[in-house]
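Remarks on the structure that follows.
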2 protein chains.
Amino acid sequence: MKYRSISEAAAAFHIPESTLRYYEKQGLLPLMERDEAGRRLFSDNQMALLGTVIRLKNTHMPISSIKRYIDWILEGESTLEKRLEMMNKHKQTVLDEIALMTESLAGIDVKITNYTKRIQERRSEDKLMREEEQ
Amino acid sequence: MKYRSISEAAAAFHIPESTLRYYEKQGLLPLMERDEAGRRLFSDNQMALLGTVIRLKNTHMPISSIKRYIDWILEGESTLEKRLEMMNKHKQTVLDEIALMTESLAGIDVKITNYTKRIQERRSEDKLMREEEQ
DNA sequence: TGTTGACTTAAACCATGGTTTAAGTCGTAT
DNA sequence: ATACGACTTAAACCATGGTTTAAGTCAACA
């Protein structure tokens, strides 16, 4: 079993060490192992759990909910249904958010098209004026 | 030109009135008109601008950036290129974020599949046990 | 042996994006 | 005339999600 230091774990996920310490304090990284000097040791299991935490964070699940999910994992098999329900609900929340972003982006695209058009028109007028000057 | 009260504008976009007041104070809703009693009047133009602000907000553009964009609109035609560039960059940011969410969601989907499988297996064991009890 | 560099902690600090409160002004219906 | 609801303001307050600081410990290398 390979163990990683906090700096290695942080580098692996491209996040600051301070965030990892913060996550542990919030209960998102329970049962952390330590070496004799008190330094955190990230096992493969911890790395996998951290990956899950980061996926949930990437999809905007609040820390309090991630915590609830982690607590259910610690509780064992009896919470399987709760975890499944939570992930299913979260999935729908994420799909809704992606849909909203996609929809809003369409409106922004209209702006892009219009700005491009207006800038192009202005260039054409310039060109026309230059020709009239001839 | 139809004018709307703050409550009508808020209802139209499903956001609190307090948020509209906050946005105005942040400079996202400039040139607000008022009636004799000092109450805000949302013109069609303001409603359209508010729609743009909300689309940018929905796609997670920070208030400070939205403010910069609004200021450029106020400055007039000379900022067309800046606005176009900003919207293009923002579009890419949003696409990247959607990609990250979609990717992370795929990892969450694996969890959903596994939980579903484990729960199903547990049910099968239960069934098997019930049959052995017979 | 002493001085780096990587780590530790608790607590303070920060940015972002609002929301709530308190006190007051209008317009209108009773 | 008054009471109600819708509005106004400035300022205080709040939640979220970290980041930074200060002071200390430890391992390894010169």
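No experiment lies behind these values; they were computed from the predicted model shown. In what follows, every chain begins at residue 1, and chains take the letters A, B, ... in the order their sequences are listed.
- One hydrophobic cluster, built from ILVMFWY side chains closer than 4.5 Å, holds both A/I70 and A/M32.
- Atom pair B/I6:CD1 and D/dA6:P shows a separation of 13 Å (rounding to whole Å applied).
- Screening residues 12-23 of chain A for salt bridge (Lys or Arg N to Asp or Glu O under 4.0 Å) gives A/E17-A/R21 as the qualifying pairs, with residues at least two apart or on separate chains.
- We find that CE of B/M32 is positioned 15 Å from C1' of D/dT9, with the value rounded to whole Å.
- Note on A/E17: only backbone sugar-phosphate atoms sit closer than 4.0 angstrom, heavy atoms only; bases stay farther off.
- Taking atom CG of A/D35 as the reference point, atom P of C/dC7 lies 10 Å away to the nearest angstrom.
- Between A/L20 atom CG and C/dC7 atom P the separation is 11 Å, expressed in whole Å.
- Atom CG of A/L41 and atom P of C/dA6 are 17 Å apart (whole Å).
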Please tabulate, one pair per line, each protein N/O and nucleotide N/O from nucleotides 1-4 of chain C that are separated by under 3.5 Å, including the distance.
none

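- For B/R83, the side-chain hydrogen bond (donor to acceptor under 3.5 Å, both in side chains) criterion is met by A/Y115, B/T79, not counting sequence neighbours.
- For residues 69-80 of chain B, the salt bridge (Lys or Arg N to Asp or Glu O under 4.0 Å) pairs, not counting sequence neighbours, are A/R118-B/E77, B/K67-B/D71.
- Hydrophobic clustering, defined by side-chain heavy atoms of Ile, Leu, Val, Met, Phe, Trp and Tyr closer than 4.5 Å, groups B/L31 together with B/L74.
- In terms of phosphate contacts, B/R40 brings a side-chain nitrogen or oxygen within less than 4.0 Å of OP1 or OP2 of D/dT9.
- Listed by chain and number, the residues in a salt bridge (charged side-chain N to carboxylate O under 4.0 Å, His left out) with A/R40 are A/E24 (sequence neighbours excluded).
- Listed by chain and residue number, nothing satisfies the side-chain hydrogen bond (donor to acceptor under 3.5 Å, both in side chains) test with A/R4 (two or more places apart in sequence, or in another chain).
- Protein atom CD of B/E33 is 14 Å distant from nucleotide atom P of D/dT8, rounded to whole Å.
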Generate the contact string for nucleotides 11-30 of chain D. Rules: B means base contact, S means sugar-phosphate contact only, - means no protein heavy atom under 4.0 Å. ------BBBB-----SS---
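- For A/Q46, the side-chain hydrogen bond (donor to acceptor under 3.5 Å, both in side chains) test picks out no residue, with sequence neighbours left out.
- Pairs passing the side chain to side chain donor-acceptor pair (under 3.5 Å) check and including a residue from residues 88-99 of chain A, sequence neighbours excluded, read A/T59-A/H90, A/H60-A/E97, A/E85-A/K89, A/K91-B/D109, A/Q92-A/D96, A/E97-B/H60.
- In this structure A/Y22 satisfies the side-chain hydrogen bond (donor to acceptor under 3.5 Å, both in side chains) test with no other residue, sequence neighbours excluded.
- Of the listed nucleotides (C/dT9, D/dT9, D/dC7), C/dT9 has the atom at the smallest distance from the side chain of A/R21.
- Cluster annotation: B/F13 is connected to B/L28 through the hydrophobic network of ILVMFWY side chains, with a link wherever side-chain heavy atoms come within less than 4.5 Å.
- DNA chain D lies under 4.0 Å from no heavy atom of any residue of residues 89-99 of chain B.
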